[in-house]
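In each ligand, atom 1 is the first atom listed, and ligand 1 is the first ligand listed.
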Amino acid sequence: MDSTKAGRRVSVLFYLLTIYILFQFIWWAYLLINLNLELHEKADPGLANLKIWMVIGEGSVFLIILLSVVFIMQRTIRKEISLVRQQRNFLLSITHELRTPLAAIQLCLETLSKHPDLNSDQRGLLQKNASENTDRLRILIDNVLLATRIDSGEERIHKTETNISELTQKISDRMAHTIGADGIIHTKVREGISGLIDPHNFETILVNLIENAHKYGGDNPIQVSLQKENAQVLLKISDLGPGIPTEFKERIFDKFYRLENEETRSKKGTGLGLYIVKELIGLNRGTIRVESNKPQGSSFSVMLPLD
Ligand code: ADP
């Protein structure tokens, strides 16, 4: 059975059971009050009154506890259903993400072995293609492993004194080159910002945010800026893509979460990138927030302490 349908069925059963318990409860309270009135009203009206208030008092406490439990359980069920749905999406997309580069590598290798007469340019192109797809596979596997390490609490941070300005500029230049469009990334990096950070984590964060800016923003320019604010460093990545609707600005950081719109469906991804980014920033005692960019697109701001 479809997990969404099964989840909906569990919810309906849960609500029916809750309503049944509530009715039963009210009915028993009503019977108890009547019983007390019958037993004590004539002989001792004061005692009857006291007993009625006792039933009402204890009943109210029970009712509050019951409603709180129902609320917590209902929230847990909803979260579970959404996690199952996201995991299914993740499995679908990871299968696709694994298959596509594998098929491309296989095709390149087969072409190379079947056509020994290819000239060196053609061979070079095929080898480059195979190597790029191998990289894509490696990045995907690295991300899955990193997310697993984060989840199990095994990911450790290693802070070293780093020239963050130089590192930001170096990664941005390399990414522009990887994207294949020198000049697409506009940097505004304040020089000489240094501090105690984990350079490896910083690179993962910046690479993921630039990759997303390019993936969803197309060939539009990407702005990367770095400045110092008190004892923190502020890294900002802005794009001119479709932007992120306000109601999803928190959810995009959830594991496996992908927006369900045309742009996302047509782009490859697993919904792990921003989860990793947010968790790494959290491990480094930093914060991340996303705002709308002007005139359009998204702007991700990362704050990291320098000590
Ligand atoms: P992935 O890119 O693999 O889908 P991410 O965790 O990096 O996963 O991003 C989660 C979702 O957030 C994406 O699927 C996309 O819908 C949305 N998103 C992320 N970055 C951007 C961006 N710069 N512009 C528009 N949407 C974005």
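Aromatic ring centroids of Y275 and F253 lie 6.0 Å or more apart.
Taking only non-hydrogen atoms, the option from Y275, Y216, F300, F256 nearest to atom 25 (C) of ligand 1 is Y216. Considering N143, I276, L274, N293 only, the shortest heavy-atom separation from atom 5 (P) of ligand 1 involves L274. For atom 3 (O) of ligand 1, the nearest non-hydrogen atom from the set T270, I237, V290 comes from T270.
Ligand 1 places these atoms under 4.0 Å from at least one heavy atom of Y257: 10 (C), 11 (C). Counting atoms of ligand 1 from 1 in the listed order, those under 4.0 Å from a heavy atom of S298 are 24 (N). Taking every heavy atom of L259 and a limit of under 4.0 angstrom, the matching atoms of ligand 1 come to 14 (O), 16 (O). Ligand-side atoms of ligand 1 in range of K215: 1 (P), 2 (O), 3 (O), range being under 4.0 angstrom from any heavy atom.
Contacts between V277 and ligand 1, counted as non-hydrogen atom pairs separated by less than 4.0 Å, are absent for every part of the residue.
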Q.
One pair to check against ring pair (Phe, Tyr, Trp, His ring centres under 6.0 Å): W28 and F25. What are the steps and the verdict?
A. CA-CA 5 Å; W28 277 103; F25 173 71; over 10 Å; no
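A salt bridge does not link E203 to K170: none of the charged side-chain nitrogens sits closer than 4.0 Å to a carboxylate oxygen. The residues E97 and R136 are annotated as salt-bridged, a charged nitrogen and a carboxylate oxygen being separated by less than 4.0 angstrom. Ion pairing between a basic and an acidic side chain is recognised when a charged N comes within 4.0 Å of a carboxylate O; K79 and D254 show no such pairing. Salt-bridge check for R149 with E155: passed, with a basic side-chain N closer than 4.0 Å to an acidic carboxylate O.
For the pair E211 and ligand 1, no heavy-atom separation below 4.0 Å is found. Within the structure, the closest approach of G241 to ligand 1 does not fall below 4.0 Å when heavy atoms are considered.
Looking at T187 and Q169, their side chains do bring a donor and an acceptor atom within 3.5 Å of each other.
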